Amino acid sequence: AANNREALGYGASYSMGDITLGYEIGTLDSGAGTEISSHTQIAASYAVATGITAVFTQSEVDVPAGTDEDKIELQLKLSF
């Protein structure tokens with residue numbers, strides 16, 4: 001049906017010791033063949049010490065031309 005939205009996403013991650021790297025891409029379509037948005041995200045985490053992890057994430061969301069709603073977000077998180 002023409003009103004069914006469709007989302008598609010792919011991702012991959014790789015761990016090496018205390019470091020994990022991740023990458024994700026995806027799109028959201030209107031169901032009528034029109035792209036509503038696309039996104040890209042990269043992340044890196046590092047186990048600082050036992051039970052303490054630092055995570056850096058960069059996300060970007062793009063919307064079709066003619067709108068001013070593109071977003072870029074950077075995050076640094078520390079969990080323990």
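None of these values were measured; they are calculated from a predicted model.
Here the straight-line distance linking atom CD1 of Ile72 with atom CG of Asp62 works out to 7.5 Å at 0.5 Å rounding. Taken to the nearest 0.5 Å, the OG atom of Ser45 stands 7.5 Å off from the CG atom of Leu21. Atoms CD1 and CG, from Ile25 and Leu8 in turn, are 8.0 Å apart once rounded to the nearest 0.5 Å.
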Kindly list each side-chain donor-acceptor pair under 3.5 angstrom involving residues 47-61, sequence neighbours excluded, with atom names and distances?
{"residue": "Ser59", "atom": "OG", "partner": "Gln41", "partner atom": "OE1", "Å": "3.2"}

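Each side chain to side chain donor-acceptor pair (under 3.5 Å) pair with one or both residues in residues 8-20, not counting sequence neighbours, appears once here: Ser15-Thr20.
In this structure, Leu76 is not a member of the same hydrophobic cluster as Leu78, with clusters built from ILVMFWY side-chain heavy atoms closer than 4.5 Å.
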